[in-house]
Student: 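Below are the structure tokens for one structure; questions will follow.
Note that ligands are numbered from 1 as they come in the structure, with each ligand's atoms numbered from 1 the same way. Positions are given from 1 along the sequence.
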Amino acid sequence: MSRGTTASINLNHLRHNFSLVAQKADAASPGCGVIAIVKADAYGHGLEPVVKALPQEAAFGVATLSEARTIRRLRPQAKILLLEGFLDAAELQAARTLALDCVIHQPFQLQLLENSPQQVPLNLWLKVDTGMNRLGFPRSQWTDVLQRLKSIAPASNITVMTHFASADQADSEHSMKQLEALTDLECGLSMSAANSAAIFSFPETSFRWVRAGLALYGISPMADILGSELGLKPVMRLAANVIALKDIQAGEKVGYGGCWQAPVDSRIAVLGIGYGDGYPWHARNGTPVYINGLYYKVVGRVSMDMLAVEIGRDSAVGIGDEAVLWGEELPVEVVARHAETIPYVLPCGLTSRVQYVYTGQNDLELSAPPVHVDENIAASSTVRGRE
Ligand SMILES: Cc1ncc(COP(=O)(O)O)c(C=O)c1O
């Protein structure tokens with residue numbers, strides 16, 4: 001028996017999510033394309049296999065030149081958007097060589113462009129700040145910057161983009177204000193605004209390009225909704241084996257700091273996964289784990305290599321049984337709530353100790369039958385086992 005610490009990546013589910021997003025975007029804004037956001041190793045799912053699995057029409061969004069290089073090798077013709085743009089002259093040169101679309105959000109990037117006339121114009125994405133207050137030109141500079149950009153590249157090579165701060169909150173007044181600011185610009189250029197949350201909650205912001213990250217991986221971008229409720233399918237399934245069983249007496253404490261005490265005689269299953277693999281240390285007592293069709297609770301502090309689950313004295317769980325930490329049976333959104341974090345963090349945080357297995361490379365391969373998620377787990381409150 002091994003620790004069995006495995007992230008299984010279902011590429012059929014990835015493709016399903018991509019087409020769902022593409023359909024939604026096209027229905028809201030005919031001709032709208034999808035930029036698959038694959039930065040940070042495709043949100044921890046593996047950049048190369050994810051890029052290879054997506055359809056030819058997919059464009060890609062990345063944060064670093066190294067991510068862009070990997071994609072260019074795999075997809076010589078694809079549109080690749082460098083989300084923070086080039087940061088110095090050498091990066092500008094590399095972006096040209098790789099034929100990247102570049103976000104321009106700071107005056108120094110404009111100057112770099114103006115100081116190095118281009119033989120072949122790059123596709124430039126003017127980032128306007130409509131209320132996120134992170135990247136982008138302030139409203140007072142939009143007209144001037146647009147003029148300068150138009151003297152560098154033809155209008156057909158320029159897209160105006162912004163990023164929503166709160167699209168994950170339904171009926172967000174702030175998103176509406178951001179949208180109004182963007183449309184006030186009335187520049188007649190291609191536009192892009194929507195991230196995953198806006199694609200579902202604010203489809204009128206689809207414009208020419210949507211930029212979908214989290215939803216592609218089957219995870220809900222909205223705090224109180226699961227991906228499955230939006231028609232998405234989870235791409236990652238994280239599992240580990242039971243490596244030890246231990247009977248404990250009522251009153252005994254489990255793990256570092258003894259922060260969980262057995263209320264009655266019970267049994268603990270120790271799993272071969274811990275924060276050294278990327279499972280969140282913050283997962284509270286009661287975080288659900290799925291073993292052999294039942295939901296159990298994490299008890300005590302998560303260790304570097306292990307965590308403990310209370311299974312009870314009458315449990316049939318045995319050494320070597322597989323436990324699911326998140327996946328179709330147990331939404332990662334629920335685990336994130338128990339760990340007081342956001343679901344983005346969990347797949348992104350897996351370490352090199354986790355073994356990755358890919359299924360569904362072949363389009364003809366059938367996806368696994370749908371698994372019913374326990375409604376109590378979906379509500380994230382009640383989990384089988386004791387407090
Ligand atoms: C500019 C930009 N657009 C789109 C996205 C994708 O966001 P999401 O994963 O919420 O779809 C990101 C993610 O950080 C981003 O920075």
Student: Roughly how far, to the nearest 0.5 Å, is the OG atom of Ser315 from the CD atom of Glu310?
Tutor: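 Nearest 0.5 Å value for the CD-OG distance: 10.0 Å.
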Student: Distance under 4.0 Å to a non-hydrogen atom of Arg134: what atoms of ligand 1 satisfy this?
Tutor: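 This gives 16 (O) as the contact atoms.
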Student: Does ligand 1 have any atom sitting under 4.0 Å from a heavy atom of Glu84?
Tutor: no
Student: May I ask you to list the atoms of ligand 1 that are less than 4.0 angstrom from any heavy atom of Leu214?
Tutor: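 This gives 8 (P), 9 (O), 11 (O) as the contact atoms.
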Student: Using the side-chain hydrogen bond (donor to acceptor under 3.5 Å, both in side chains) criterion, which residues pair with Asn17? Sequence neighbours excluded.
Tutor: none
Student: What do you reckon, does Lys127 have a nitrogen or oxygen under 3.5 Å from a nitrogen or oxygen of ligand 1?
Tutor: no
Student: For His163, take its heavy atoms, then give the atoms of ligand 1 lying under 4.0 Å from any of them.
Tutor: 1 (C), 2 (C), 3 (N), 4 (C), 5 (C), 12 (C), 15 (C), 16 (O)
Student: Any chain of hydrophobic side-chain contacts (each under 4.5 Å) joining Val210 to Met191?
Tutor: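 No: no chain of side-chain contacts under 4.5 Å links Val210 to Met191.
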Student: Mark up the atoms of ligand 1 that fall under 4.0 Å of a heavy atom belonging to Arg211, in ascending order.
Tutor: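 Numbered from 1, ligand 1 contributes 1 (C), 2 (C), 3 (N), 4 (C), 6 (C), 11 (O).
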Student: Could you label the plane-to-plane angle of the Tyr279 and Trp326 rings as parallel, tilted or perpendicular, counting under 30° as parallel and over 60° as perpendicular?
Tutor: parallel
Student: Give a yes or no on whether the ring-centroid distance for Phe164 and Phe202 is below 6.0 angstrom.
Tutor: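 Yes, close enough.
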Student: Could you tell me, atom by atom, which parts of ligand 1 come under 4.0 Å of a heavy atom of Tyr43?
Tutor: 6 (C), 7 (O), 8 (P), 9 (O), 13 (C)
Student: Please write down residue, atom name and distance for the protein heavy atom closest to atom 10 (O) of ligand 1.
Tutor: Tyr344 OH, 2.5 Å
Student: Taking distance alone, with no angle check, do Gly213 and ligand 1 share an N/O pair under 3.5 Å?
Tutor: yes
Student: Find out if a path of hydrophobic residues (ILVMFWY) with successive side-chain heavy-atom gaps under 4.5 Å connects Ile104 to Ile80.
Tutor: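 Ile104 and Ile80: separate clusters.
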Student: For Tyr256, does the OH atom have more than 12 heavy-atom neighbours from other residues, nucleotides or ligands under 6.0 Å away?
Tutor: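 For Tyr256, atom OH is not crowded (no more than 12 foreign heavy atoms under 6.0 Å).
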Student: Which pairs count as ring-ring contact (aromatic ring centres under 6.0 Å, His included) when at least one residue sits in residues 36-74, sequence neighbours excluded?
Tutor: Tyr43-Tyr217, His45-Tyr217
Student: Counting non-hydrogen protein atoms only, what is the nearest one to atom 11 (O) of ligand 1? Give residue, atom name and distance.
Tutor: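 Checked against all protein heavy atoms, atom 11 (O) of ligand 1 sits closest to Ser196 OG, 2.5 Å.
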Student: How close does the nearest protein non-hydrogen atom get to atom 13 (C) of ligand 1, and which residue and atom is it?
Tutor: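 For this ligand atom, the closest protein heavy atom is Lys39 NZ, 3.3 Å.
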